[in-house]
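For reference, the structure discussed in these notes is given below.
Letters A, B, ... mirror the listed sequences (proteins, then strands); counts begin at 1. Since we're looking at a predicted model, the values are computed, not measured.
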There are 2 protein chains.
Amino acid sequence: MDKKYSIKDIAQLSGVSVATVSRVINDNGRFSEETRKKVLKVIKETGYQTNFSAKNLRMNKSFSVGILVPDISNYFFATVVQKIEKILFKCGYSTIICNTARDEDKELAYLKMLESKGIDGLIVISGAKAFDINKVSSSSKIPFICIDRKPKDKKNTIFIASDHYQGALDATDSLFNSGSKHPIIATHKHYSSSGADRLRGFKDSLEKHGLPFDTSRNQITLTTENTTIKMEKVLKSQPEIDGIFAINDTVAIEVLSALLKLGKSVPNDIKLIGFDDEPQDKHTYPTLSSVKQDTDRIAQVAVENLIGLINSTGITSESIIIPVELMPRDSTL
Amino acid sequence: MDKKYSIKDIAQLSGVSVATVSRVINDNGRFSEETRKKVLKVIKETGYQTNFSAKNLRMNKSFSVGILVPDISNYFFATVVQKIEKILFKCGYSTIICNTARDEDKELAYLKMLESKGIDGLIVISGAKAFDINKVSSSSKIPFICIDRKPKDKKNTIFIASDHYQGALDATDSLFNSGSKHPIIATHKHYSSSGADRLRGFKDSLEKHGLPFDTSRNQITLTTENTTIKMEKVLKSQPEIDGIFAINDTVAIEVLSALLKLGKSVPNDIKLIGFDDEPQDKHTYPTLSSVKQDTDRIAQVAVENLIGLINSTGITSESIIIPVELMPRDSTL
DNA sequence: GTTTGTTGAGAAAACGATTACCCAATAAAT
DNA sequence: ATTTATTGGGTAATCGTTTTCTCAACAAAC
């Protein structure tokens, strides 16, 4: 098992031509059973492995797809990426992961690189605000799908996302259901399309319960300012607040720790619910209610559609919305 | 910007030979300044991009490296991978990330795929117990480095890890320093070499403070059993316990929530410290002391060494230990 | 017994780059 | 004025596949 064997070596060793070896390997074309066995035997003995560079060059296909993701240390992104990668591998594709850090220039640089590598497809998770595949010269040809944030050009693309709106609606409803009369929403400063949908869900639940939404009264935004101090101010001026829907679990956990520091009891004084169902939600005190995104399904649907595009079986343009699930825990008892 | 241009097109359009175009692109070989400008102009106009499959085939180099990682949704792994990817990209390499899920068969399958793709190098993060690159036929030639877990064959490999031993020693010392007299260690059921080092650090700190280590008295292991119930039993039989060093932050947070549920005050009744310095440590209540691994340095050293190996400038075999930093917070006040 | 069809397999082109080798043309040295 | 270097750049081989053509051999059909 020393040298690297090429198809030519296999041909020689098994006394057939390279064409035949290729046919046997790919099980395509005509050859006798006898030849098959002969060739396969030599392949096993030598430990021959296809040289993908050559194969890619010839077939103009790379059996690899790129994933653009803003931040892989984010739980939701990491989970989706992980699951996508797993499915793709099963389908014979390898995955090139690119961390864009929400930087448009980086996004562009990665796109160029990926195109150079001849990727067969692309998955863009929560791409830049103005994500536009045409920014890269001829990229227009690379099949791609978007997850979590709509691309600039809504036509001719497949977009997959959780039902953030419904999740937020359910979450806020659950605050009301557990006795909250005056819930607010806690957001962070980064804009995202999912965040916008969640905000919309919160508003609609509010109005459904007869409360008009007013940004200055019903929304707080976490900034670099110390969260505890900010919460203290807010609760002093609006002591009626008795429920908080946090735009995601990171925010929720920050809010929770602030509330506890301020001597508030959760859920007795204030109900709290987050979004994303991160693992630590089960281990906060009290445990944190949340909304779970179906990452399995997102990944599955994403890969299915991408591979569909790659094999150009239907270049449909559509938005696919994946249902979410409410995960009630102690913070909304 | 429609069709895909090859070097041949560029040659034609700029009135030179393909060889010259290649020379200009790679700035290697001889050509006049005039020619350079001409060619570069055409390249810019056409939006030409190298076909890496061809280049790889010819040069027998793929400008890509593989990363084997057990679980990318784990914070430490995700952070390291992210940083490695960033540095590699700057060095002109793309990264193929492979999630092994701690499954040896998968590890092997990925290894085969990576070899087929002709990766130039490999980074193995916390590989399987018996990680052995020779399991894949001719892989022996792929330069690789290991992070976090030593490979089977310690010779002729570069191994990079945090100073888990020292971190655990410092962490346990800090329990004593904040007044704990009878600390224990909380571990989980998965074995890891880093875990073993951390356990060693705990033991040595104990002995330094005049306490002999006894597994049955000084160590609890979290299993699928409910942590709160387990903790209750332990605290009933050993009420003297007043400090816990958790093998990592996930365990620490689970323990913390159990303690709070049992009505214990942290840090007043029991001091607690974890390991890894995950972001949520700052937002638990009380905030969680921990030990921070220097992921920046790990990534930097890893890439430097790997690229060193790839360019075979020194095939030194060594273990590189990266210092850690104690992050004291409220749970060990 | 000639024609037709089928099966198995080889020869060679092509994919898009890099590079060793070659040869003009000009410059430098004698 | 001839030889010798140097410079710029073209030709063609090569990397390892896949695939189109081609054809021999044998079987079936007439």
Side-chain angles (χ1 to χ4, degrees), chain A residues 3-40 42-43 46-64 92 113 115-120 137-138 141, chain B residues 3-40 42-43 46-64 92 113 115-120 137-138 141:
Chain A
K3 139 195 211 316
K4 269 222 171 168
Y5 292 93
S6 81
I7 212 173
K8 205 185 284 182
D9 301 318
I10 306 303
Q12 232 151 11
L13 288 169
S14 45
V16 299
S17 73
V18 289
T20 302
V21 175
S22 174
R23 289 187 189 108
V24 169
I25 289 175
N26 300 297
D27 195 15
N28 135 13
R30 294 180 302 218
F31 48 86
S32 69
E33 180 58 21
E34 190 191 5
T35 310
R36 220 199 60 154
K37 287 213 177 109
K38 219 168 29 177
V39 172
L40 252 33
V42 175
I43 287 183
T46 53
Y48 164 83
Q49 291 189 222
T50 329
N51 178 323
F52 267 97
S53 295
K55 184 173 189 154
N56 297 349
L57 174 60
R58 180 59 228 255
M59 301 186 54
N60 199 27
K61 193 161 170 14
S62 67
F63 303 99
S64 62
M113 181 271 278
E115 200 192 359
S116 249
K117 295 242 168 182
I119 51 163
D120 299 330
S137 52
S138 61
K141 303 298 198 37
Chain B
K3 136 196 212 316
K4 268 222 168 168
Y5 293 93
S6 80
I7 211 172
K8 206 185 284 181
D9 300 317
I10 306 302
Q12 230 149 14
L13 287 170
S14 45
V16 299
S17 74
V18 289
T20 302
V21 175
S22 174
R23 288 187 190 111
V24 169
I25 289 174
N26 299 297
D27 196 16
N28 141 11
R30 293 178 303 213
F31 48 87
S32 68
E33 180 59 21
E34 193 189 5
T35 309
R36 218 199 62 155
K37 286 210 175 110
K38 220 169 28 179
V39 172
L40 252 32
V42 175
I43 287 183
T46 52
Y48 164 83
Q49 291 187 225
T50 10
N51 177 323
F52 266 97
S53 295
K55 184 171 187 155
N56 296 349
L57 174 59
R58 182 58 229 256
M59 301 188 48
N60 198 26
K61 191 160 171 14
S62 67
F63 302 100
S64 62
M113 181 271 279
E115 198 191 2
S116 251
K117 296 242 166 181
I119 51 162
D120 299 330
S137 52
S138 62
K141 302 298 196 40

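Spacing between atom NZ of A/Lys55 and atom C1' of C/dC15 amounts to 15 Å, rounded to whole angstrom units. What separates CD1 of B/Ile25 from P of D/dG9 is a distance of 15 Å, to the nearest Å. Going from atom CZ of A/Phe52 over to atom P of C/dG16 covers 19 Å, rounded to whole Å. Rounded to an integer number of Å, the gap from B/Asp9 CG to C/dG16 P is 8 Å. Residue A/Phe31 contributes atom CZ, which lies 20 Å from atom C1' of D/dA24 at whole-angstrom precision. Per the geometry, CD belonging to B/Glu33 stands 15 Å off P belonging to D/dT7, to the nearest Å. D/dG16 atom P lies 17 Å from atom CG of A/Asn26, rounded to whole Å. The interatomic distance linking A/Ile7 (CD1) with C/dA12 (P) rounds to 17 Å, in whole Å.
For B/Thr50, the side chain to side chain donor-acceptor pair (under 3.5 Å) criterion is met by no residue, not counting sequence neighbours.
Checking C/dT7, D/dT17, D/dT7 against every side-chain atom of B/Arg30, the shortest atom distance belongs to D/dT7. Nearest nucleotide to the side chain of B/Arg23, out of C/dA9, C/dA12, D/dG10: D/dG10. Side-chain atoms of B/Asn28 lie closest to C/dT19 of the nucleotides C/dG10, C/dT19, C/dA17. Of the candidate nucleotides C/dA17, D/dC15, C/dA12, C/dA12 has the atom lying nearest to any side-chain atom of A/Val18.
For C/dT19, neither phosphate oxygen OP1 nor OP2 lies less than 4.0 angstrom from any side-chain nitrogen or oxygen of B/Ser22. At least one side-chain nitrogen or oxygen of B/Ser32 sits closer than 4.0 Å to the OP1 or OP2 atom of D/dG9. In this model, the phosphate group of C/dG16 is not approached by any side-chain N or O of B/Ser6 to a distance below 4.0 Å at OP1 or OP2. For the pair A/Tyr5 and D/dT17, the criterion of a side-chain N or O lying under 4.0 Å from OP1 or OP2 is not met. Put simply, B/Ser17 has a side-chain N or O that comes within less than 4.0 Å of OP1 or OP2 on D/dG10.
When heavy atoms are screened at a 4.0 angstrom cut-off, B/Thr50 is found touching the sugar-phosphate backbone but no base atom. Looking at heavy-atom distances under 4.0 Å, A/Asn56 makes no contact with the nucleic acid at all. A/Thr35 comes within 4.0 angstrom of the backbone, heavy atoms only, and of no base.
B/Lys55 NZ to B/Ser22 OG: the interatomic distance, rounded to the nearest 0.5 Å, is 7.5 Å. Here the CD1-OG1 distance, from A/Ile25 to A/Thr20, works out to 11.0 Å after rounding to the nearest 0.5 Å. Atom CD of A/Glu33 and atom NZ of A/Lys37 lie 4.5 Å apart (nearest 0.5 Å). To the nearest 0.5 Å, the span separating OG on B/Ser62 from CG on A/Asn51 amounts to 10.0 Å.
Checking B/Gly15 against B/Leu57, the closest nucleotide of DNA chain D that is more toward the 5' end is the one next to B/Gly15. Place A/Met59 and A/Ala19 on DNA chain C by their nearest nucleotides, and A/Ala19 ends up nearer the 5' end.
Secondary-structure stems of DNA chain D, taken as three or more successive Watson-Crick or G-U wobble pairs (i with j, i+1 with j-1) under a 3.5 Å distance threshold, comprise C:1-30 with D:1-30.
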Give the intermediate values and the outcome of side chain to side chain contact (heavy atoms under 4.5 Å, CB included) for residues B/Ile7 and B/Tyr48. CA-CA 8 Å; B/Ile7 211 172; B/Tyr48 164 83; 4.1 Å; yes

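The shortest non-hydrogen separation linking A/Ser17 to A/Ala11 is C-CB, 3.7 Å. For A/Gly29 against A/Arg23, the heavy-atom pair with the smallest separation is CA-CD, 4.2 Å.
A donor N or O paired with an acceptor N or O is not found under 3.5 Å between the base of C/dG8 and the side-chain atoms of A/Arg36.
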